[in-house]
Amino acid sequence: MSRGGKLAPEVNRILFVKNLSYNVTPEELFDLFGKFGPIRQIRQGIANNTKGTAYVVYEDVMDSKQACDKLNGFNFQNRYLVVLYHQPDKMVRSKEDLESRKDNLEQLKKQHGIE
């Protein structure tokens, strides 16, 4: 915890987990993440671009913080997990940034005669 017992602003109940094995089962995720407190929901990515990821929603923010602190970098099924706090505002900004970068790229291609 930071000074004064306050949590950092990015800390919330939802964790985003990357670098999971494609073969991990929901039960294995519940077993691993459930050690830190009651879980409301786990959602695994099933599309090609979301496989190997999951969202873990805890009932309590302190359980989420403890899981993030302990499991980020944890070796699970011979893979090192990347555990982050879900930050929807950043995701929206990155999508907007991507669109503007694509527009800029198209303009540069036209300007320089590149197809």
Side-chain angles (χ1 to χ4, degrees):
M1 270 195 242
S2 61
R3 285 178 284 192
K6 293 184 179 179
L7 295 173
E10 71 272 7
V11 175
N12 65 60
R13 296 181 313 117
I14 306 171
L15 298 179
F16 177 61
V17 186
K18 300 191 299 187
N19 204 32
L20 289 166
S21 165
Y22 287 0
N23 301 322
V24 70
T25 65
E27 292 79 18
E28 291 168 329
L29 290 176
F30 269 101
D31 287 346
L32 178 65
F33 285 89
K35 293 175 184 172
F36 299 95
I39 294 173
R40 180 171 289 179
Q41 182 182 62
I42 293 182
R43 299 197 49 136
Q44 281 183 264
I46 55 173
N48 284 339
N49 62 337
T50 60
K51 279 185 182 175
T53 66
Y55 287 96
V56 179
V57 183
Y58 280 92
E59 295 286 341
D60 186 292
V61 69
M62 294 308 291
D63 297 336
S64 170
K65 181 183 184 318
Q66 188 179 16
C68 187
D69 292 346
K70 300 280 191 214
L71 293 179
N72 188 32
F74 183 76
N75 189 333
F76 179 64
Q77 297 182 345
N78 294 320
R79 300 179 71 90
Y80 291 99
L81 299 181
V82 177
V83 182
L84 307 164
Y85 296 106
H86 175 55
Q87 296 178 342
D89 295 342
K90 269 192 178 178
M91 291 177 71
V92 169
R93 283 197 307 266
S94 68
K95 283 182 182 176
E96 290 169 354
D97 182 48
L98 180 62
E99 289 302 317
S100 69
R101 289 172 55 196
K102 282 182 179 178
D103 293 344
N104 189 29
L105 179 61
E106 289 304 316
Q107 289 174 357
L108 287 170
K109 282 182 176 180
K110 287 178 184 174
Q111 181 181 353
H112 296 283
I114 301 171
E115 290 301 317

Checklist entry - Do M62 and V11 belong together in a cluster built from hydrophobic side chains that touch within less than 4.5 Å? => result yes
Next on the checklist: For N12 versus S64, what's the shortest heavy-atom pair and its separation?
Outcome noted: O-OG, 2.7 Å
N/O donor to acceptor pairs below 3.5 angstrom from side-chain atoms of residues 25-34, sequence neighbours left out:
| unit_1 | atom_1 | unit_2 | atom_2 | d |
| --- | --- | --- | --- | --- |
| T25 | OG1 | E28 | N | 3.1 |
| T25 | OG1 | E28 | OE1 | 3.3 |
| E28 | OE1 | T25 | N | 2.9 |
| E28 | OE1 | Q77 | NE2 | 3.0 |
| E28 | OE2 | Q77 | NE2 | 3.4 |

Next on the checklist: To the nearest 0.5 Å, what is the distance between NZ on K65 and NZ on K70?
Outcome noted: 9.0 Å
Item to check | Listed partners of N78 passing side chain to side chain donor-acceptor pair (under 3.5 Å), at least two apart | outcome: none
Checklist entry - Got Q107 and K110 here, is their nearest side-chain heavy-atom distance under 4.5 Å? => result no
Checklist entry - Listed by chain and number, what are the side chain to side chain contact (heavy atoms under 4.5 Å, CB included) partners of N23, not counting sequence neighbours? => result S21
Checklist entry - Are F74 and V17 connected, step by step, through hydrophobic side chains (Ile, Leu, Val, Met, Phe, Trp, Tyr) whose heavy atoms are closer than 4.5 Å? => result yes
Check: residues 41-51 side-chain donor-acceptor pairs under 3.5 Å, at least two apart:
| unit_1 | atom_1 | unit_2 | atom_2 | d |
| --- | --- | --- | --- | --- |
| Q44 | NE2 | V24 | O | 3.3 |
| T50 | OG1 | I46 | N | 3.4 |
| T50 | OG1 | A47 | N | 3.1 |
| T50 | OG1 | A47 | O | 3.3 |

Next on the checklist: Donor-acceptor check, side chain of D60 to backbone of P38, threshold 3.5 angstrom: yes or no?
Outcome noted: no
Item to check | Sequence-distant partners of E59, salt bridge (Lys or Arg N to Asp or Glu O under 4.0 Å), two or more places apart | outcome: R40
Checklist entry - Is there a side-chain contact (heavy atoms from CB on, under 4.5 Å) between Y85 and L15 once you walk through the steps? => result CA-CA 5 Å; Y85 296 106; L15 298 179; 3.6 Å; yes
Checklist outcome for this item: Across all chains, not counting sequence neighbours, the side chain to side chain donor-acceptor pair (under 3.5 Å) partners of N19 are R79
Item to check | A67 versus Y58, closest heavy-atom pair with distance | outcome: CB-OH, 3.2 Å
Next on the checklist: Let me confirm one number: the CD1-CD distance from I114 to E106, rounded to the nearest 0.5 Å.
Outcome noted: 11.0 Å
Next on the checklist: For L84, give me all partners under side chain to side chain contact (heavy atoms under 4.5 Å, CB included), at least two apart in sequence or on another chain.
Outcome noted: F16, K18, V82
